[in-house]
Amino acid sequence: MPYLKQTIENIETVLIDPQGHIKAKFDTLAIPRGSLGRLEELATIYYSIKGSLSCGIRHKKIFTLAGDHGVVAEGVSAFPQQVTREMVQNFIREGAAINVLARHIDAKVIVVDCGVASNIPPSPGLKIKKLKHGTNNMASGPAMSRQDAVKSIEMGIELIEEELQDGLDIIGLGDMGIANTTPSSAIFSILGNVDVSVATGRGTGLNDQAVQKKIAVIEKAIAINRPDPNDPIDVLAKVGGYEIGGIAGLCLGAARHRIPIVLDGFISTAGAIIAHALEPKTGNYFIASHVSGEQGHKHMLKFLGKEPILNLNMRLGEGTGAALGINLVEAGVKLLNEMATFQDASVSDPYS
């Protein structure tokens with residue numbers, strides 16, 4: 001707990017271009033003012049977080065955190081639990097969608113076993129930070145102990161500290177865990193104060209009847225566990241997941257070091273909401289890559305006050321949307337740094 005407390009205490013407030021230096025630099029470029037739209041906004045957010053216009057983006061890392069969930073026993077997923085392990089092995093072999101997109105944007109994927117239900121052999125492409133072999137079934141009691149909830153968050157902070165050693169300019173959040181939309185819906189329902197039916201979607205592709213069952217399971221879990229909406233660690237412990245706690249820790253750890261955080265979809269945003277509840281200043285470090293096809297995600301982003309960059313009807317997870325978001329943030333940064341000014345290009349400046 002002291003590690004978590006120390007991290008939170010060192011998170012600084014971000015002000016967006018307080019002196020107007022970033023806007024002033026954009027205004028010198030040989031384009032109509034504001035014509036790059038949200039690419040200008042993304043570059044402005046990036047440099048406001050960094051606090052300097054002298055840095056580009058070199059070290060891009062996407063953290064794909066994996067964990068299993070005891071609530072799978074309630075039939076809330078169309079996929080069996082062993083798919084979590086199988087997909088982690090696919091990530092290690094670099095055959096998954098996130099690997100393809102990470103190669104496309106020249107980013108590194110950090111695959112982490114936070115709490116997969118079975119043992120995965122050590123591999124050069126895997127970090128093993130396993131807390132337990134999956135969470136308990138939240139429909140019959142707490143998903144984890146409070147102590148393990150704190151450990152999961154601190155594990156995410158630790159990942160940031162480790163990856164800082166060889167450079168870290170921007171991070172993307174990713175996840176893998178069969179049934180993890182169920183705890184994510186529960187977290188948002190509690191901390192966002194929204195009805196479970198609003199927070200809950202089809203996950204891996206449930207039909208209407210199965211969605212109603214999923215809603216009932218979440219309502220039961222909340223009624224049994226009575227998580228305290230004023231205590232985000234209690235919420236994580238009662239109805240969360242190890243990878244969700246780890247994502248919250250990534251957010252806190254990155255904010256501690258003024259590193260921009262690109263959200264992925266529904267599960268990563270649930271982790272971000274935990275981090276935001278622990279320290280609201282983390283919200284200034286979030287960039288929403290896309291709005292997921294999972295119905296509750298748009299409500300999550302509205303709750304955090306974030307406007308997504310893309311709407312591609314994606315709902316895969318893994319960090320795939322975050323990879324695309326990082327690509328666009330980097331595009332904005334490169335435009336600001338590499339475009340010619342009116343003076344450089346010998347173009348008449350209509351604003352002078």
Side-chain angles (χ1 to χ4, degrees), residues 61-72 76-103 107-135 143-144 152 155-156 159 171-185 187 201-206 236 240-251 262-272 274 289-290 292-294 297 314-325:
K61 297 181 181 180
I62 298 167
F63 294 81
T64 303
L65 274 54
D68 275 312
H69 300 266
V71 74
V72 74
V76 294
S77 174
F79 282 67
Q81 188 171 70
Q82 65 261 28
V83 170
T84 303
R85 180 192 72 247
E86 292 164 354
M87 282 305 301
V88 169
Q89 291 168 328
N90 193 23
F91 299 148
I92 297 167
R93 293 191 296 265
E94 300 189 3
I98 186 53
N99 303 109
V100 174
L101 290 176
R103 286 193 294 270
K108 179 181 178 182
V109 179
I110 314 295
V111 184
V112 187
D113 175 0
C114 304
V116 179
S118 53
N119 288 323
I120 301 175
S123 164
L126 176 68
K127 289 197 174 198
I128 298 176
K129 303 279 188 181
K130 193 188 295 285
L131 292 169
K132 294 283 175 64
H133 287 78
T135 60
M144 65 184 91
S152 73
M155 175 266 297
L159 286 168
I171 71 165
L173 305 179
D175 71 278
M176 179 62 220
I178 294 303
N180 65 3
T181 59
T182 298
S184 298
S185 296
I187 287 167
R202 297 184 184 278
T204 48
L206 299 176
L236 176 63
Y242 297 124
E243 82 279 31
I244 297 171
I247 288 168
L250 288 173
C251 293
V262 182
L263 308 180
D264 189 35
F266 191 65
I267 289 84
S268 78
T269 308
I274 293 282
S289 64
H290 75 122
S292 168
E294 187 71 5
H297 193 224
M314 292 171 60
R315 52 182 180 86
L316 178 59
E318 302 180 7
T320 48
L324 298 174

Check whether Thr84 reaches the backbone of Ile178 with its side chain - one donor and one acceptor, N or O, closer than 3.5 Å. yes
Give a yes or no on whether the backbone of Cys114 and the side-chain of Glu243 come within a donor-acceptor separation of less than 3.5 Å. no
Distance-minimising heavy-atom pair for Gly325 and Ser289: CA-CB, 3.9 Å
Are Val88 and Asp113 packed together at the side-chain level, in the sense that at least one heavy-atom pair is separated by less than 4.5 angstrom? no
Taking atom NE2 of His69 and atom OG1 of Thr135, what is their separation to the nearest 0.5 Å? 5.5 Å
Just wondering, do Leu65 and Leu159 contact through their side chains at under 4.5 Å, heavy atoms? yes
Has Glu318 got a side-chain atom pairing as donor or acceptor with Met176's backbone, closer than 3.5 angstrom? no
Return the set of residues passing salt bridge (Lys or Arg N to Asp or Glu O under 4.0 Å) with Lys129 (not counting sequence neighbours), or none when no residue passes. Glu158, Glu162
Main-chain N/O of Ala270 paired to Ser184 side chain as donor or acceptor, under 3.5 Å: no
When you compare the side chain of Asp68 with that of His133, does any pair of heavy atoms fall below 4.5 Å? no
Leu250 and Ser268, any side-chain heavy atoms less than 4.5 Å apart: no
Kindly compute the distance separating CZ (Arg93) from CE (Met87), expressed to the nearest 0.5 Å. 9.0 Å
If every non-hydrogen atom of Gly321 is compared with every non-hydrogen atom of Asp264, which pair is closest and at what distance? N-OD1, 2.7 Å
Measure across Thr181 and Ile267 and return the closest heavy-atom pair with its distance rounded to 0.1 Å. CG2-CD1, 3.6 Å
Checking Asn90, Asn119, Val116 against Arg85 for side chain to side chain contact (heavy atoms under 4.5 Å, CB included), the one that qualifies is Val116
Side-chain (Arg315) to main-chain (Arg202) donor-acceptor, under 3.5 angstrom: no
Measure the CZ-CG distance between Phe79 and Leu206 for me, rounded to the nearest 0.5 Å. 10.0 Å
Shortest non-hydrogen contact from Ser123 toward Ile92: OG-CG2, 3.0 Å
Within the structure provided, determine whether Leu324 and His290 are in side-chain contact (heavy-atom separation under 4.5 Å). no
How far does CD1 of Ile244 sit from CG of Asp175, to the nearest 0.5 angstrom? 8.0 Å
Is the His297 ring parallel, tilted or perpendicular to the Phe266 ring (thresholds 30°, 60°)? perpendicular
Looking at residues at least two apart in the chain, or sitting in another chain, which of them share a side chain to side chain contact (heavy atoms under 4.5 Å, CB included) with Leu131? Lys151, Ser152, Tyr242
Shortest non-hydrogen contact from Phe91 to Asn99? O-ND2, 3.2 Å
Of all heavy-atom pairs linking Ala272 and Ile247, the shortest is N-CG2, 4.3 Å
Would you say Lys130's side chain and Gly67's backbone share a donor-acceptor pair under 3.5 angstrom? no
